[in-house]
Amino acid sequence: MDHTAFGQSTVLGYPRIGANRELKKAVEAYWSGTIDAASLEDTAAGLRAEVWRTLRDARLDAIPSNTFSYYDHVLDTAVAVGAIPERFRRLGLSELDTYFAMARGVDAEPALELTKWFATNYHYLVPEISPDTVFTANPVKPVSEYAEAQSHGITTRPVLVGPATFLLLAKGDDPFARLGDLVDTYARILSALAGAGVAWVQLDEPAYVADRTIDEISALHDAYARLGALTDRPKIFVATYFGDLGDALPALLRTPVEAIGLDFVAGPANLSRLAAAGPLPGKTIVAGLVDGHNVWRTDLRAAITTGTTLTALADHVAVAASCSLLHVPADLDAETRLAPELRERLAFARQKVDEVVLLGAALRDGTGPAPVPLSPAPETWRRTEVRARLAALSPADRQRGDYRARAAAQQERLQLPPLPTTTIGSFPQTAELRAARAALRAGTLDADGYAQRMRAEVAHVIRLQEELGLDVLVHGEPERNDMVQYFGEQLDGFAATDHGWVQSYGSRCVRPPIIFGDVARRAPMTVAWSSYAQSLTAKPVKGMLTGPVTILAWSFVRTDQPLAATADQVALALRDECADLEAAGITVVQVDEPALRELLPLRASAQKAYLDWAVGAFRLATSGVADGTQVHTHLCYSEFGEVIGAIDGLDADVTSLEASRSGMEVLGDLAAAGYRRGVGPGVWDIHSPRVPSRGEVTGALRRAVAAVPGRRLWVNPDCGLKTRGYPEVEAALRNLVAAAAEVRAG
């Protein structure tokens, strides 16, 4: 086989939002009606061309395309195979507006369900597949983007989510049973790509690094045996990532596909499994040797050793990042304020491409790079007092009193009605708030002036909540840029970036902080804001913290010690913050853990150990408060059924969860698990611009009351209100409060 067409180096995907979040700004401008579809496409075309040129100029051998998306690549694949639910087809919208309706919802229809993409902070839209779904090949996007790259003199490899993974991620009445039909559709897409001159296509099958049944593995083999047997197709590269393929690897190797991508960072066992498979004539192994999911530099010596071992096993070995570089920031060169001793240890997407190219050239030439080893980490990154405190912990430090006694003490103290109403924490981050934060960074607004503006916003939020009739209030978090970054900027052991944006979902971008050393709290982080808010009202105001697991999940974490140790270091800092909030008179403290499910290992064999330390870290953070202080937590956009036992183990007095897009499915899981504490299933999908009617919220609450006794049921949105505007927030919260009153009255 001629392997030169594939080359020696590639990546599976690249950041698509633009170095300055140009895509976010353009998409949101389109949604607001300030630009038209043609202007949006002009911005998109410029971003695509910039990425292709960047990869070409870096001397990458094989460049992917069709990795660009206006919102989500899984949604793009749904459109490519015609899996558009009838409820959106009948809206009569343009193709682009139908796409955004599926992503965000419209007044007439709620959006597709949103959940986490494997063990990342990226969210994908869950395809809806029914027995009536008629798959139809729609290869316009991959074909047109291939032709677009060709017009710039760049030959690319189109990328789609593979058919098996697409259906395993979908919801409906046994979507995976439709694999045969979907493979026929993929065959038509491959034929169209071949007709357009495409030499290679990449089909992503990451679902198979999780536990899969014998039947699912057999179906994967059969699908690629059929696609591989086609004569009218490009060469097929099946990419996997986020772990080892297990028994699915030999099944794929027995198919006619020309290339298989394996993650040797998160899945080192792939190497021994590949060796056990014996000689691999006619196969290219695309070796994920550069970590695409974290920002640390690659150990090039270790990577070249693995690559050299692989060259003895396959006809051809190419080097790649372990997964799409979508999950890391674009370019370290944009960061000018990081400490030199940290900066020299980092690699963002652009630098990781250089590492891939260097390793690919080393394998091609048969020589290994000999980089100068990094110097040891500075001793100042270690905190003796933090390590001593961790060593002195006992089981009692992770234990609160009996829940029933706590609940009685809290009710006596708080005097809440049945079905108490609250929000998750944040209120809209207005343009004025963002401008004040930018002025503070630029030095045109001093700290006192900034604090005055934030206090004015807190006062506004408290007045609004009282006027709306909410029972437990929040200060609105106007001072916070992000629920993780805010804390990272106030804790030792963290570093913040200026331009390290990463897409979370749609137009939502975050700047994950970098945990490089031992974590310690310098001073109280939230007490002043919560105390000020509480001084403005007689109603309880929640102190708002982000939990240790979520802080890890939404940061780039050091790799020189176990995650559990870093989680406990963060938990100790949060424990001290909880104690200070309580001492300041805050009676309700919410410690959010939306990423609890996100870090769950994909293989069941590793899940118990993770859940043990994750639950333990949360309990360490929250178990220092008195029984009369009510501890809340919040989880969102995950498959909660897989971690119900852990949710129970958190021992929070109240747990709020996303439930609106999933139709309150989580309540059945909680009931089956014997959950007996307070719960707030979200009744308003805040990731959609639509305002739920009072009747809609009332119906959701009546379903919830049927599953959860009213004294344990809370009424709240799915998530924080940061991304919404005040008009829709006020309208939706009025409906929420009115619905709660109606259901209380029977």
Side-chain angles (χ1 to χ4, degrees), residues 403-404 406-427 461-476 530 533-534 536-544 581 585-592 625 627-636 652-660 664 666-667 670 675-684 686 692 694 697-721 729-730 732-746:
Y403 168 69
R404 287 173 293 184
R406 293 181 348 230
Q410 291 159 19
Q411 181 57 25
E412 181 178 356
R413 188 179 190 188
L414 297 172
Q415 295 294 304
L416 295 173
L419 302 177
T421 56
T422 190
T423 65
I424 301 305
S426 60
F427 266 64
V461 168
I462 293 295
R463 287 194 302 270
L464 174 61
Q465 292 172 94
E466 288 198 312
E467 189 269 325
L468 291 170
L470 290 161
D471 298 305
V472 176
L473 313 187
V474 297
H475 80 283
S530 295
Q534 187 64 78
L536 302 175
T537 180
K539 290 186 174 183
V541 174
K542 289 192 284 191
M544 298 300 305
L581 285 166
I586 301 301
T587 55
V588 182
V589 179
Q590 182 169 310
V591 182
D592 289 344
V625 298
D627 284 358
T629 297
Q630 190 171 76
V631 174
H632 289 225
T633 192
H634 169 66
L635 298 92
C636 60
D653 299 303
V654 179
T655 299
S656 57
L657 307 106
E658 180 276 326
S660 60
M664 296 284 169
V666 68
L667 295 179
L670 289 170
Y675 185 84
R676 293 292 180 266
R677 286 179 287 281
V679 61
V683 295
W684 166 27
I686 66 86
R694 173 176 170 174
V697 178
T698 300
L701 282 179
R702 293 199 187 283
R703 292 194 298 275
V705 168
V708 179
R711 268 293 168 191
R712 291 199 290 112
L713 189 66
W714 284 65
V715 184
N716 47 257
D718 273 341
C719 201
L721 308 178
V729 163
E730 293 184 30
L733 288 180
R734 288 188 193 282
N735 290 342
L736 182 150
V737 171
E742 180 178 338
V743 176
R744 276 184 204 135

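What you see is a predicted model; the values in this text were computed from it and never measured.
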Open item on the list: Check Lys542 with Asp592, please: is the shortest side-chain N to carboxylate O separation under 4.0 Å?
Closed with: no
Task: Main-chain N/O of Gln630 paired with Arg406 side-chain donor or acceptor, under 3.5 Å - done: no
Task: N/O donor-acceptor pair under 3.5 Å between Asn716 side chain and Gly680 backbone - done: yes
- [ ] Check Leu581, Asp653, Thr587, Val589 against Thr629 for a side-chain contact (heavy atoms from CB on, under 4.5 Å) and give me the one that passes.
- [x] Val589
Task: Backbone N/O of Ser656 and side chain of His634: donor-acceptor pair under 3.5 Å - done: yes
Task: Main-chain N/O of Val591 paired with Thr633 side-chain donor or acceptor, under 3.5 Å - done: yes
Task: Test item: Asp718 side-chain N/O and Ala659 main-chain N/O as donor-acceptor pair under 3.5 Å - done: yes
Open item on the list: Show the nearest heavy-atom pair for residues Thr423 and Gln465, with the distance to one decimal.
Closed with: OG1-OE1, 4.3 Å
Task: Exam field: side chain Gln590 to backbone Gly543, donor-acceptor pair closer than 3.5 Å - done: no
TODO: Verify, without hydrogens or angle tests, whether Gln410 (side chain) and Asp627 (backbone) share a donor-acceptor contact under 3.5 angstrom.
DONE: yes
Task: Steps toward side-chain contact (heavy atoms from CB on, under 4.5 Å) verdict (Thr421, Trp714) - done: CA-CA 6 Å; Thr421 56; Trp714 284 65; over 6 Å; no
Open item on the list: Is it the case that the side chain of Arg677 and the backbone of Val654 share a donor-acceptor pair, with hydrogens and angles ignored and the cut-off at 3.5 Å?
Closed with: no
Task: Check: Leu736 main-chain N/O paired with Arg694 side-chain donor or acceptor under 3.5 Å - done: no
Open item on the list: Whether the side chain of Ser426 engages the backbone of Leu721 through a donor-acceptor N/O pair (distance < 3.5 Å, no angle test) should be reported.
Closed with: yes
- [ ] Return yes when atom CD of Glu412 has more than 12 non-hydrogen atoms of other residues, nucleotides or ligands closer than 6.0 Å, and no otherwise.
- [x] no
